[in-house]
Amino acid sequence: MPRETPPTPPESRESRASRGPQRPLAPPAWLVRSLKPQSAPIPWAAVARASVAMALPLAIGILAGHPTYGALASMGALSGVIGDTADAYRMRILTIAVPQLFGAIGVTLGSLAFGHGWVAVGAVTLVALVSGMMSTIGAVASVSGLLLLLNCVVGAGLPMPGQWWLAPALMTGGGLLVLALALLAWPLRSGVPERAAVADSYLSVAALLEAAGTDAYDDARGAVTVSLNQSYDLVLARRALDHGRNAELVRLVAQLNALTPIVEAAPAAHQWARHARVRLPAEVPAAVRALAQAVWRGGEGPDRGGAPALPELAEPRDHASRAIDHAVRHAAETLGDPDPLGVIETDDRLGRPAALRVRARRAARNVILSGASWRYGLRLALCIGIAQSLVSLIDVPRSYWVALTVTFVLKPDFGSVFSRAVLRALGTAAGLVVAAVVLSEVPHGWWDVPVMMLLAPLIPALTTRGYGHQTAAITPVILLLSDILNHQGLGLVAPRLVDSLLGCAIALVAGYLLWPESWGTRIGDRLADTVADTARYVECVFGAHEDPAARARMRRRLYRDLSAIRSEFQRALTEPPPTGSRAAAWWPLVVAVERVLDATTAARVRIRHGAEEPAPEEIAEVVAELRGLAAGLRASSHLREVRADFTVGPKDSVLEPLRQEVGAARAIASPKTT
């Protein structure tokens, strides 16, 4: 998946006015944002795997005299290509193999229901309910639910060759071929993706320190949060699969945890640099970059026998400099410790995740008891039921395409339904142009193999650019495989466009307009919860019983929540007015809450390095203001200005910067909206 980038704040009225009058025929801003390609590197290894994995089954099928069997295996490989997004080799087993199992179940259920009229409608609708509920569990479960429903729709809409077990076996075999190719380099590159992720986190922290005292600090802090989230998810997921005391994994966890003091000291350094109008010495971020190189090389340092060599650091002269100096030296000592097991025993702040079976049991219980999962499932089931019923009443050739479109557009965890429907229609239209050329000019047989070798790599290459680009890449591949199965040629093109538009219309009406909650944005509710959690964080940070591990876990969770809010903000901006414009008003408050967190952490760092403890009354006043802000956010759908009135504590208190940030957060007001 492409790396998440911090959103850009909305333009001011002055900046818009300075550009002059808008052209009457210019597309709306929300559509331009949706169509703009995302900036992400091309996964060349996945591109090569897609080319081989999707063309090889076709070649084997043609050689064996059963091209339809090869097409079914290539369909299974397509689902494997879509799920081939994980960096770590162990995670690839989960992201590719587990969805294949559910895909096999889906095509089996669909095949058994094929030709049974309203029984098939009911069966596919029930599968859609389960698929929608599964999507709320997590990324792997979401892809598994997607394949469960997609393959069920295909099985219920297309006659499958051979015995009932042949199609699931062929499609699963195609997906497992992708997995086999993805694991080829595992013996040679074991642990490399995890080390690369941890090293990248060190580099992002170095960039954060370099940005201290400048306007680029907020964006750099967002990049650090994203990088740490990815690293912890990658390393802890592998650690959960490895039940032994694997020294390499333990070392990676210790190296990640060693970043915590640096990240905690960064806000104090930023405050000091901004106040003094100076920059941190260049040797400080250079030292963190040297640590990143040591992590990438593996072991304990360049000579694998001591701490990594650091640039000479100046003698610290203030609280912030001392905190940064101590944190960087602590990280160097951690990387140089020859016994990672001893380090992790004393510094495993985030702990070891539960075993997979325990997490699976918890996830299943949460899904069954969650109202949100039932709403998602019912919403998807309603649209799939309408699509299946409509094509049962109206003679639509190869009608499974309508339900496929609904499935891709309406998966509730995939983002804005409205923008995805628009992008799906545009992407399908672009893909059909390519498909028309292929179907009209390329004869069936061995020519299908080189064509597939050229078309299949476009899927992983364009997926990183956005949903519309991915749709444009997948459409000609699916049509080529469908034509091998039913030999309709150019007759597939026009009906597929009509079916796609019909599926988009069903998703927009029954999955968007009939659910008022989908019109709005959840930014306000999520921010209210995060502000309330921030109040508890303030109490934890300045409480009488200090627990560094609990504080670190709470801070990481808060920054992760704010990262999710940033993603929700990105999604909401692609919605048409008034949702998009209302969402834009929340952005200043998102930044303000992040600064409150930074100021809290900076105050704790200053106290740890010699500053005077604040009075309990000062802490209680800040907590009360934060809880008042959270209550106000829950009581109103719009931002309203509330003046914070701090009366306790001297102006030179360690909490003064925190009070200023809380006051700024409470003073944010939204523009007039209707």
Side-chain angles (χ1 to χ4, degrees), residues 48-82 96-97 100-101 103-115 147 150-182 184 397-398 400-401 404 434-459 474-493 495-496:
R49 287 193 293 270
S51 180
V52 174
M54 294 198 64
L56 184 58
L58 278 182
I60 295 175
I62 294 172
L63 188 63
H66 295 283
T68 55
Y69 292 177
L72 283 174
S74 291
M75 280 189 174
L78 173 61
S79 62
V81 168
I82 294 174
I96 298 177
Q100 290 303 315
L101 172 62
I105 296 173
V107 73
T108 301
L109 295 175
S111 299
L112 294 176
F114 175 75
L147 288 189
L150 287 179
N151 287 4
C152 182
V153 169
V154 172
L158 275 176
M160 294 294 161
Q163 298 293 320
W164 64 270
W165 51 265
L166 183 59
L170 289 171
M171 296 179 76
T172 303
L176 294 180
L177 173 61
V178 178
L179 178 60
L181 294 174
L184 278 179
R398 308 298 176 190
Y400 63 91
W401 198 273
L404 288 182
V434 178
V437 174
V438 171
L439 296 178
S440 62
E441 300 297 331
V442 178
H444 278 308
W446 285 105
W447 279 106
D448 290 332
V449 177
V451 170
M452 184 62 69
M453 292 185 70
L454 293 176
L455 292 179
L458 296 178
I459 298 174
I474 291 177
T475 297
V477 171
I478 293 181
L479 286 184
L480 176 59
L481 295 176
S482 298
D483 192 41
I484 295 175
L485 291 173
N486 52 48
H487 301 287
Q488 282 189 303
L490 276 177
L492 282 170
V493 176
R496 292 299 74 81

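Values below: every heavy atom of this structure, side chains too, minus hydrogens, waters and symmetry copies. These numbers were taken from a predicted model, which means no experiment stands behind them. The chain is numbered in sequence order, starting from 1.
Looking at heavy atoms from C-beta onward, Leu455 lies in side-chain contact with Val434 at the 4.5 angstrom threshold.
The nearest pair of heavy atoms linking Ala53 to Val178 is CB-CG2, 3.5 Å. Across all non-hydrogen atoms, the minimal contact from Met160 to Ser111 is CG-OG, 3.5 Å.
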- Item | Criterion side chain to side chain contact (heavy atoms under 4.5 Å, CB included) on Leu112 and Thr108, from CA distance to verdict | CA-CA 6 Å; Leu112 294 176; Thr108 301; 4.3 Å; yes
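Looking at Ser51, its side chain never comes within 3.5 Å of a backbone N or O of Ala48 through a donor-acceptor pair.
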Going by atom type alone, with no hydrogens or angles, which donor-acceptor pairs under 3.5 Å involve a side-chain atom of residues 55-82 and a protein atom two or more places apart or on another chain?
{"unit_1": "Ser74", "atom_1": "OG", "unit_2": "Met54", "atom_2": "O", "d": "2.9"}
{"unit_1": "Ser74", "atom_1": "OG", "unit_2": "Gly70", "atom_2": "O", "d": "3.1"}
{"unit_1": "Ser79", "atom_1": "OG", "unit_2": "Gly76", "atom_2": "O", "d": "2.6"}
{"unit_1": "Ser79", "atom_1": "OG", "unit_2": "Gln100", "atom_2": "NE2", "d": "2.8"}

What donor-acceptor contacts under 3.5 angstrom involve side-chain atoms of residues 445-453, with partners at least two apart or in another chain?
{"unit_1": "Asp448", "atom_1": "OD2", "unit_2": "His444", "atom_2": "ND1", "d": "3.1"}
{"unit_1": "Asp448", "atom_1": "OD2", "unit_2": "Gly445", "atom_2": "N", "d": "3.3"}

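Note that OG1 of Thr172 and CG of Asn151 are 8.0 Å apart. Values are rounded to the nearest 0.5 Å. A distance of 11.0 Å separates CG in Leu181 from CG in Leu176, rounded to the nearest 0.5 Å. A distance of 10.5 Å separates CG of Leu158 from CH2 of Trp401, quoted to the nearest 0.5 Å. Rounding to the nearest 0.5 angstrom, the gap separating the OG1 atom in Thr475 from the CG atom in Leu479 is 6.5 Å. How far CG of Leu177 is from CD1 of Ile96: 10.5 Å, rounded to the nearest 0.5 Å.
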